[in-house]
Amino acid sequence: MAEKSKERKLIANNKKAFHDFFIDETYEAGVALHGTEVKSMRMGKCSIKEAFIRIENGEMFVYGMHVSPYEKGNIFNRDPLRVKKLLMHRTEINKLEGKIAEKGFTLVPLQVYFKDGKVKVEVGLARGKKLYDKREDIAKKDQRREFEREFKVKNL
């Protein structure tokens with residue numbers, strides 16, 4: 001009997017989230033999708049750059065997640081920006097809801113990927129960065145880049 005692979009095929013990545021937020025914890029959630037949306041995602045047509053997550057009535061929803069219409073989907077295509085439900089256990093949702101109630105926490109989608117044939121979203125519990133934090137990160141990145149450039153020149 002063949003074992004299922006625990007392979008993750010990345011569909012979309014939210015690099016902007018790491019720039020704008022400190023990510024404290026990550027969680028995995030399933031996404032409730034319709035057939036043509038899944039086919040479109042298999043072709044890599046998904047964007048979560050402007051997406052955010054809200055908890056309403058004990059359920060999680062992702063807003064602003066753009067799934068391009070499937071070319072061959074005709075009448076079965078859905079609105080590309082429709083609100084999509086995230087699937088998590090009730091206890092996890094309640095735990096996240098309690099943490100969001102604390103000052104400064106929010107939920108952001110970090111990645112969308114396929115895992116065992118199902119679309120999953122990596123949800124990050126995040127705190128917003130201030131402008132000076134962003135400048136600090138940019139300075140560190142520039143410093144690291146300079147160091148690597150010098151190291152490369154020395155080793156040639």
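Owing to the predicted nature of the structure, the values given are computational and were not obtained by experimental measurement.
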> Please report the closest heavy-atom contact between V121 and Y113, naming both atoms and the distance.
C-CE2, 4.5 Å

> When hydrophobic residues are tied together by side-chain contacts of less than 4.5 Å, even through go-betweens, does M65 share a cluster with F21?
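Hydrophobic grouping puts M65 apart from F21.
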
> So which heavy atom on A17 is nearest to which on I23, and how close?
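The pair with the smallest heavy-atom distance is O-CD1, 4.4 Å.
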
> Could you go through the side chain to side chain contact (heavy atoms under 4.5 Å, CB included) check for V112 and V31 one step at a time?
CA-CA 9 Å; V112 179; V31 188; 5.8 Å; no

> Please report the closest heavy-atom contact between C46 and A12, naming both atoms and the distance.
O-CB, 3.6 Å

> Atom NZ of residue position K9 - does it have more than 12 heavy atoms of other residues, nucleotides or ligands inside 6.0 Å?
yes

> Same cluster or not: V119 versus L110, using hydrophobic residues (I, L, V, M, F, W, Y) connected whenever any side-chain heavy atoms lie under 4.5 Å apart?
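No: no chain of side-chain contacts under 4.5 Å links V119 to L110.
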
> Got a sec: does the CD of Q143 have more than 12 other heavy atoms crowding it under 6.0 Å?
no

> Is there a side chain to side chain contact (heavy atoms under 4.5 Å, CB included) between M60 and I53? Walk through the geometry before answering.
CA-CA 7 Å; M60 285 177 56; I53 297 171; 3.8 Å; yes

> Can you tell me how far OG of S47 sits from CD1 of I11, rounded to the nearest 0.5 angstrom?
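Between I11 CD1 and S47 OG, I get 12.0 Å after rounding to 0.5 Å.
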
> So which atom in V123 and which in A29 form the shortest heavy-atom distance, rounded to 0.1 Å?
CG2-CB, 4.2 Å

> Between A126 and V108, what is the shortest heavy-atom contact and its length?
CB-CG2, 4.1 Å

> Going by the salt bridge (Lys or Arg N to Asp or Glu O under 4.0 Å) test, name the single residue among R54, K85, K84 that passes it with E59.
K85

> Can you name the side-chain contact (heavy atoms from CB on, under 4.5 Å) partners of K140, sequence neighbours left out?
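E136.
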
> So R127 and F105, side chain to side chain contact (heavy atoms under 4.5 Å, CB included) or not? Walk me through it.
CA-CA 5 Å; R127 286 179 290 125; F105 279 109; 3.4 Å; yes

> Any side-chain heavy atom of V67 sitting closer than 4.5 Å to one from R82?
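Result no, sub-4.5 Å side-chain heavy-atom pair not found.
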
> Which residue pairs pass the ring-ring contact (aromatic ring centres under 6.0 Å, His included) test when at least one of the two sits in residues 35-64, sequence neighbours left out?
F52-Y63

> Could you walk me through whether K16 and E50 pass the side chain to side chain contact (heavy atoms under 4.5 Å, CB included) test, one step at a time?
CA-CA 9 Å; K16 189 177 177 217; E50 301 297 321; 3.8 Å; yes

> Are L33 and L86 in one and the same hydrophobic cluster, where Ile, Leu, Val, Met, Phe, Trp and Tyr link if side-chain heavy atoms are under 4.5 Å apart?
yes

> Can you hop from M41 to V62 via hydrophobic side chains spaced under 4.5 Å?
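Linked, M41 and V62 end up in one cluster.
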
> In residues 87-100, what donor-acceptor pairs under 3.5 Å come from side-chain atoms, sequence neighbours left out?
residue, atom, partner, partner atom, Å
R90, NH1, G58, O, 2.6
N94, ND2, R90, O, 3.4
K99, NZ, E25, OE1, 3.2
K99, NZ, E25, OE2, 2.6

> Please round to the nearest 0.5 Å and tell me the distance separating atom CG of L107 and atom OH of Y27.
9.0 Å

> I need the Q111 CD to N14 CG distance, nearest 0.5 Å.
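Answer rounded to 0.5 Å: 9.5 Å.
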
> Are I48 and F114 connected into the same hydrophobic cluster when the rule is that any two of I, L, V, M, F, W, Y join if their side-chain heavy atoms are below 4.5 Å apart?
yes

> First locate atom CD of E148, then atom CZ of R145, and finally report the distance between them rounded to the nearest 0.5 Å.
8.5 Å

> Check this for me, if you would: do R149 and E146 make a salt bridge, where the nitrogen-to-carboxylate-oxygen distance has to be below 4.0 angstrom?
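Yes.
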
